[in-house]
Amino acid sequence: LAFTMGCGPNEDTGAGQGKPDETATAGTPAAPSPAVTANGVEKLGAAEILKQARKATASAKYMRVHGRVADEEGRMTLDFRYAGKAKSTGWFTIGAQRVEITRVGSDIYFQGNAAFWTAIGEKAAYKLFKGKFLKTTADNAEFKDLAAFTDRTGLFDEVVKAAPGWKKGRTGKAGGTPSVVLTSSAGDRIQVATQGRPYVLSMDGGQDNHLEYSAYGKPMEIRRPPPATWWTWRTSPRRSRRQTARRFGRQVGVAVREPW
């Protein structure tokens with residue numbers, strides 16, 4: 001099995017950080033406590049395992065998703081943390097471009113580096129948005145691809161939908177946590193915990209496509225950026241709005257919708 005870095009589902013009560021650590025790497029999670037009982041998902045069919053894994057992961061109070069995905073547009077690295085039902089913060093990179101995103105409720109704030117804004121709106125966009133967050137909302141159709149990063153099960157849903165013929169494989173362990181492997185006919189793999197809640201532990205689509213789901217139950221605080229550091233989308237310069245909305249989809253849309 002290729003799953004050696006998945007993290008376990010134990011509820012961690014250690015202090016969390018409000019901003020993802022860009023340099024953090026996956027550690028080896030502690031083995032489950034003897035008090036954690038088997039959940040029995042390995043006895044179910046593949047479709048039911050996927051259903052229960054999605055439900056458990058979506059309802060986790062705290063969690064982290066990090067790793068890499070690639071397609072014909074290039075390689076994306078990402079690291080996002082989630083708190084409650086509608087709070088998340090993190091970043092993604094595509095080549096030299098980097099975007100930081102924070103969501104609180106229905107409000108989404110994102111900030112790009114020079115390479116990102118220059119690619120979207122040329123030098124004029126970077127001058128306008130340098131050091132600023134752009135505020136929009138989760139239901140804004142112009143930014144639906146951006147909002148996808150704030151959905152903790154978004155990539156999971158895309159992989160399950162895009163890859164046909166999921167079958168249950170052998171049981172094993174991910175970083176010491178008992179698990180079951182699900183494999184698609186295309187070779188994609190998802191590992192689900194068989195102790196405690198049936199959380200997703202990892203997704204693997206090959207060398208350049210690997211996501212880890214970890215830090216379940218590890219508390220963290222997510223806050224809005226200071227008001228002085230962001231512009232609301234409706235009050236941003238009209239020309240920049242058109243440029244940003246038109247070009248943003250081309251920059252990240254394919255990678256978000258078709259991660260594998």
Side-chain angles (χ1 to χ4, degrees), residues 1-9 26 39-60 63-82 88 90 92-94 144-175 177-195 197-216 249-260:
L1 296 179
F3 303 94
T4 60
M5 298 176 66
C7 295
N39 56 41
V41 293
E42 73 278 7
K43 301 175 184 179
L44 305 175
E48 184 61 25
I49 295 174
L50 289 171
K51 180 180 178 180
Q52 292 201 19
R54 186 193 187 284
K55 181 178 179 180
T57 302
S59 63
M63 61 172 290
R64 177 189 181 197
V65 178
H66 61 111
R68 60 190 182 274
V69 295
D71 64 7
E72 65 274 10
E73 299 295 319
R75 175 174 170 173
M76 175 186 292
T77 301
L78 59 91
D79 191 342
F80 282 84
R81 296 177 190 263
Y82 303 84
S88 60
F92 70 83
T93 63
I94 303 176
K144 63 180 181 179
D145 294 315
L146 178 66
F149 286 97
T150 68
D151 180 356
R152 67 184 67 195
T153 60
L155 289 172
F156 173 83
D157 290 342
E158 291 295 339
V159 171
V160 171
K161 181 180 178 180
W166 288 95
K167 294 182 179 181
K168 180 175 65 176
R170 296 182 298 173
T171 57
K173 286 189 175 182
T177 300
S179 59
V180 62
V181 177
L182 301 174
T183 305
S184 75
S185 58
D188 305 305
R189 291 176 291 182
I190 295 176
Q191 198 157 3
V192 177
T194 57
Q195 277 193 355
R197 300 207 65 193
Y199 292 130
V200 176
L201 301 180
S202 67
M203 299 196 301
D204 198 329
Q207 182 177 358
D208 290 323
N209 292 289
H210 181 80
L211 292 175
E212 297 179 29
Y213 289 66
S214 61
Y216 287 106
R250 293 204 298 267
Q251 289 297 112
V252 302
V254 175
V256 173
R257 289 192 294 270
E258 300 175 9
W260 256 222

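The structure displayed is predicted, hence computed values, not measured ones. Along the sequence shown, residues are numbered consecutively beginning with 1.
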- line: Closest non-hydrogen contact found for P198 with V192 is O-CG1, 3.5 Å
field: Value rounded to 0.5 Å, distance of CD in Q195 from OG1 in T177
entry: 7.5 Å
- prompt: Counting N and O atoms only, with roles assigned by atom type, does the side chain of N39 sit under 3.5 Å from a partner on the main chain of A193, one being a donor and the other an acceptor?
  reply: yes
field: Heavy-atom pair of closest approach, residues Y82 and F149
entry: OH-O, 2.8 Å
query: With a 4.5 Å heavy-atom cut-off, do V200 and T153 have their side chains touching?
result: no
Non-hydrogen side-chain atoms of F156 and L211 separated by less than 4.5 Å: no
- request: Take F92 and V69 through the test side-chain contact (heavy atoms from CB on, under 4.5 Å) and record every step on the way to the result.
  value: CA-CA 10 Å; F92 70 83; V69 295; over 6 Å; no
Straight-line distance of D151 CG to K144 NZ, nearest 0.5 Å: 14.0 Å
message: Taking the six-membered ring for Trp, are Y199 and Y213 closer than 6.0 Å centroid to centroid?
response: no
field: Donor-acceptor contact below 3.5 Å, side chain T194 vs main chain V180
entry: no
message: What verdict does the side chain to side chain donor-acceptor pair (under 3.5 Å) test give for E42 and T171, after you've listed the backbone C-alpha separation in whole Å, the side-chain angles of each residue and the deciding distance to 0.1 Å?
response: CA-CA 7 Å; E42 73 278 7; T171 57; over 6 Å; no
query: Would you say D79's side chain and G90's backbone share a donor-acceptor pair under 3.5 angstrom?
result: no
field: Which atom of S179 lies closest to which atom of A174, heavy atoms considered
entry: OG-N, 3.8 Å
- prompt: Can you tell me if R81 uses its side chain to pair, donor with acceptor, with the backbone of A215 under 3.5 Å?
  reply: no
- prompt: Roughly how far, to the nearest 0.5 Å, is the CE atom of M203 from the CZ atom of R189?
  reply: 13.0 Å
task: Look up atom CZ in R152 and atom CZ in R64, then write down how far apart they are to the nearest 0.5 Å.
output: 15.0 Å
- line: Closest non-hydrogen contact found for V65 with L78 is O-CD1, 3.8 Å
- prompt: Counting N and O atoms only, with roles assigned by atom type, does the side chain of T57 sit under 3.5 Å from a partner on the main chain of R54, one being a donor and the other an acceptor?
  reply: no
message: Given 3.5 Å as the limit, does a donor-acceptor pair link the side chain of T77 with the main chain of T93, or not?
response: no
query: Just wondering, do W166 and D188 contact through their side chains at under 4.5 Å, heavy atoms?
result: yes
- prompt: When you measure from the side chain of K167 to the backbone N and O of A46, does any donor-acceptor pair fall under 3.5 Å?
  reply: no
Approximate separation, where rounding is to 0.5 Å, of L50 CG and L182 CG: 5.0 Å
message: Nearest 0.5 angstrom please: D204 CG to E212 CD, how far?
response: 9.5 Å
